[in-house]
Structures are given as C-alpha cells and as structure tokens.
Amino acid sequence: MPFPIVNSIISWFLKKRKHQMELFLKYPIDVQNELLFKLLFKAKDTEFGHQYKFDAINSYKEFSQKVPIQTYESIEPLIDRTRKGEQNVFWPTPIKWFAKSSGTTNSKSKFIPVSDEALEDCHFKAGKDMLCLYINNNPETQLFTGKGLRLGGSSAVYEDNNTFFGDLSAIIIENLPFWADFSSAPKQETALMSEWETKMAAIVDETIDEDITSLVGVPSWMLVLLNRVLEKTGKSNILEVWPNLEVYFHGGVNFNPYREQFKKLIPKKDFKYFETYNASEGFFAIQDVNHSLDLLLMLDYGIFYEFIPMDTFNDENSKAIPLSQVKLKVNYAMVITTNGGLWRYLIGDTVKFTSLDPYRIRITGRTKHFINVFGEELIIENAENALKQACSKTKAEVSEYTVAPIFMNGKKSGGHEWIIEFKNHPENLNYFTELLDNALKASNSDYEAKRYNNLTLAMPKINVARTGLFYDWLKQQGKLGGQHKVPRLSNTRNHLEEILALN
C-alpha cells in the first residue's frame, strides 16, 4: 500500500480519538471522580484495599481522610513483596513489570510497578494521543510517510523472580505490538540493546538511510545521537540526512537549555517541537497546541490527581486538594492514584496551572533541591552522601557548597560545577573530585548512566571557595540568620555565578 494512503488512514483513525478527549475536556471533574471510584472498586479486595477499607469509601473526602499520602519509601516493602512474586497486594491484576528509576534516598534505584492496565490505558494510549493532538494541529502532516526515530533508555529488560525490570522506555518497546516496528526505527532488537556505545552506533547505522520524519526521546541523549549522525555522514545539518523531518517529541528534562542547539542542528523555520510529561509512574500531560509551553493534563488515563500547595508542603503529612480546587499560578506538588496500584503517591514533581478550562500545566521543578538538566535526577541526598564519602577518605571537611549545571553550549557533554568551602582542605583536589564522582555514580543510577564514557556528563568541576564566601553572599542577599540557607542544588547557574563573582 503506498505510504500516502497509509498516512491518510492512520491520520483518520487517530483523529477519532479527539472526540473521546472532548468528554474530559467538557466534564473534567466528573471524569476524575468517576475514575477514582472505578479504581477503588477494582482494588477493594487487595491487601491494600482491605487495610484502608476501600469498599466503605463513598466520597473523595473519605478517600483523603482514610488513605494516607505515600512516598516510595513507605510503599517499598509492598513493592518488594510483589517483585518476589506475591500478587493482589496493592493491585488486583498480576504485575510482572517494574520500571527502574533512580532518585530515592535509601536505595540506588526504585522499582515502579507497571500493570497491564497502566501499559494499555496510560502509556500506549498517551502515545496515540500525542500523535492525535499533533495531527489535529497539523492537518497537512506527512508524518506517516516515513518513520519515527525512537531513542529510549540505556537498559534492556531483565528478569528476576519471574518479574521483569528495566527503563520504562525498554518496557514499552518490549510490549509494543509487532506492527509498531514497521513505523519506527531502529528495530526493536537494537532499541533494547543494553550497552550504550554499541547501541548508539547501531542506531546511527540503521537510521541514516531511512526516511525519518519524527524524533522521540530525551533532549540530552538526542543531541548526542544527532551529533553522531553528522559525524558518520559528514553532513552539516540533520536536514541533509533526513529532509522530511518535521517534529521532535521531547520530555524528561527542561528543554530550554537545548533549544538553540536543536535549532542549529535542524535549521527549518516550520520545524515543530512537542513536549510530553511522562514518568515511570504514568503519562500525565501532552502539549496540545503548536508552539505552546503549556501541557494539557490528560484526565482519562487511569490516573486520579491531587495537588499539595507548596507553601504548605510537608511530605506525607501534607494536605492535598482535588483538581476541582486548584488555582492558577500556584506551585503544587502532584499526588497520583493510578491503575498501576499507586495510591496517593507523592511523585516529587511540582506544577503550576496556566489554564483551568481546559486544565493545562507547566512543570516547575521538584519538591526537593535537584539537578535534572541532563536527565541525571541528582538530589540533595546523593550530593550529601557523596561528599561524606569523599571527605571520609581524604580527611577533608566541608563547611558550605552549592552545585549547578555546566550547559553543553556546543560541546559534546555538559557537567556539574561545584563551589565548596572547605574547613579542612583535601591534600589532592583531583583525588577528592574522583572520589566524589564515583560516590555519585554509586548512589544514583541515572547520574551513572549520563557519566558513562563522559557521553553526556563530564567529570565534575570543583572550585575552592575562600573562607567566609558563602556568609558574604548570604549577607549580600540580605539573608543572614533565620531560616535562610545556601541552596545546595539548582537547575540554573544563577546562584553559582553570583557566588563565584565574590570568590
């Protein structure tokens, strides 16, 4: 069948979904409330459902009063039992897939349960909706005359106790229907390769002669791949390799630091960038308007949403509100209840609503200090533990410190820049830096992956601060005493540059 005909048929099919979306766009609160009680009814006979008496919950108020807000640490024992083969613990249908993701304080990685319902009714549905929304915004698209280049994580899927774990992207690729391979590149076998360097080379070899019309992946990794394509082909920009490329679907990290680099690599005025908001725990929002920074909150994916105003945030002890009570431009921590068995789960992300009709959001950050410019998800616990280990081995002592990203700015890799005020200096700063880097790798699997062969992250850069530097900076900011603290981790260089200027 000629590709233009295929393009027309697929476009027609995906447009039909737009009519289904209109239901939650018109009746968002009704759709969310109905979803909550469907989830409660389905899981009422699980161990978790019995513990919190799901069958006696008749209102959102009762749900919020009876079921506590959860963190990964609080549900980790239940997840561990399920990983060892127990079922019907927190979700009634068998769970054999677990998305491996780092970022917890007590373990190198967390394992998020992924039910069949979460795959079908959330992740796969969202993938179709992403295309549907794009097509409705761009009716002249020729997306399906070529292939979509997908760039997933660096881990294959592994088996343990008859359950399987890996990057969410690997789990999704593993479970895609066979026909999906025909419209995607690279082939499934290549996409699931675990050794990153070998995989990157294979992807380049497989795709440079294909007609690639779309890109899907995390910006930091995609930049590496596109530069490899140019190195292999000797071309000056990506359009010389793939002239019909029309859109990049991106998510996972803030795109702003990468935008100008992509514009140079893909010099096409009408090239489209479409953002998505998804995580191991679920797929939450999709850009639904061309050239917008706002994301449409998807309300019929089996996810019930609650929100905690950040000015009252207190981890599991916080009071959450339902979607019906949110306000514009307030920073909220997001709480989710899902068809994967997560109940009032504090995901750790913060968002602001930019529209209430329909509900659109922007991602504003994390509930804790973090750096996630390159997808490394470095949190303060990682930094503190790494410093502790490096100091222990070098007999150094740290008074104050802060960390910020070094953006790529045309370079092949970025990095993290530290400024540390030592009370006792290490004898060899290079050795201290090496110890710090190794400790960060050991505590954070995402950081470790980005540091592999200096591919996305180079070795940390450490500046030694003069004595009293941080005190002087806080004084300059009018923030001496009280609750004011030196920001440990930041996704921007604003604080770092100010402090360096005083050093």
Side-chain angles (χ1 to χ4, degrees), residues 100-102 146-158 165-176 178 180-253 258 261-262 264-267 373-376 407-415 437 441 445-459:
K100 183 181 179 183
S101 175
S102 72
K147 292 187 175 182
L149 193 162
R150 59 191 179 193
L151 183 60
S154 56
S155 294
V157 175
Y158 300 96
F165 67 90
D167 285 354
L168 177 66
S169 56
I171 292 173
I172 290 174
I173 291 170
E174 183 80 26
N175 285 277
L176 283 172
F178 73 92
D181 236 18
F182 295 133
S183 60
S184 301
K187 60 188 178 184
Q188 182 172 338
E189 179 184 351
T190 304
L192 291 174
M193 291 172 67
S194 57
E195 208 290 308
W196 185 253
E197 286 285 355
T198 305
K199 179 164 101 170
M200 290 289 276
I203 291 175
V204 172
D205 288 340
E206 280 188 33
T207 58
I208 55 176
D209 294 322
E210 294 279 6
D211 181 14
I212 301 298
T213 55
S214 66
L215 305 173
V216 183
V218 176
S220 53
W221 289 123
M222 188 61 72
L223 271 180
V224 174
L225 177 66
L226 296 183
N227 281 307
R228 292 284 180 89
V229 168
L230 295 183
E231 290 173 11
K232 177 78 173 183
T233 61
K235 304 295 185 181
S236 60
N237 68 66
I238 292 299
L239 295 176
E240 293 178 4
V241 184
W242 300 315
N244 297 317
L245 188 65
E246 63 174 84
V247 60
Y248 173 32
F249 299 102
H250 63 87
V253 296
Y258 306 99
Q261 294 180 68
F262 274 94
K264 291 177 183 177
L265 288 171
I266 310 171
V373 171
F374 307 99
E376 66 275 47
F407 296 112
M408 289 180 176
N409 294 329
K411 299 179 181 179
K412 290 185 178 179
S413 60
D437 184 51
K441 291 177 185 176
S445 57
D446 284 332
Y447 178 90
E448 182 181 35
K450 305 306 182 287
R451 280 284 293 117
Y452 181 75
N453 282 355
N454 295 321
L455 199 59
T456 302
L457 283 177
M459 178 75 78

Nearest heavy atoms of [X] and [Y], plus distance in Å:
X    : Y    : value
P186 : T207 : N-CG2, 4.4 Å
S184 : R150 : CB-NH1, 3.5 Å
R451 : M459 : NH1-N, 3.5 Å
N454 : A458 : OD1-CA, 3.8 Å
G251 : P219 : O-CD, 3.5 Å

Test side-chain contact (heavy atoms from CB on, under 4.5 Å) applied to Y248 and I266, step by step: CA-CA 10 Å; Y248 173 32; I266 310 171; 5.5 Å; no
Within the structure provided, determine whether [X] and [Y] are in side-chain contact (heavy-atom separation under 4.5 Å).
X    : Y    : result
L226 : L230 : no
K235 : V229 : no
D437 : Y447 : yes
L223 : T456 : no

Steps toward side-chain contact (heavy atoms from CB on, under 4.5 Å) verdict (L215, L151): CA-CA 8 Å; L215 305 173; L151 183 60; over 6 Å; no
From I238 atom CD1 to M222 atom CE, the distance as rounded to the nearest 0.5 Å: 10.0 Å
Between CH2 on residue W242 and CG on residue N237, distance to nearest 0.5 Å: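 Separation between the atoms: 11.5 Å.
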Steps toward side-chain contact (heavy atoms from CB on, under 4.5 Å) verdict (L149, L245): CA-CA 10 Å; L149 193 162; L245 188 65; over 6 Å; no
Under the ring-ring contact (aromatic ring centres under 6.0 Å, His included) test, residues paired with F249 that sit two or more places apart: Y134
Charged N-O contact under 4.0 Å between E376 and K450: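 Looking at E376 and K450, the cut-off is not met.
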Inter- and intrachain pairs under salt bridge (charged side-chain N to carboxylate O under 4.0 Å, His left out), touching residues 238-248, at least two apart: none
Pair M200-M193, side-chain contact (heavy atoms from CB on, under 4.5 Å): steps then yes or no: CA-CA 9 Å; M200 290 289 276; M193 291 172 67; over 6 Å; no
Could you tell me whether a side-chain N or O of [X] sits under 3.5 Å from a main-chain N or O of [Y], the two making a donor and an acceptor?
X    : Y    : answer
N453 : L455 : no
K199 : A191 : yes
E206 : A185 : no

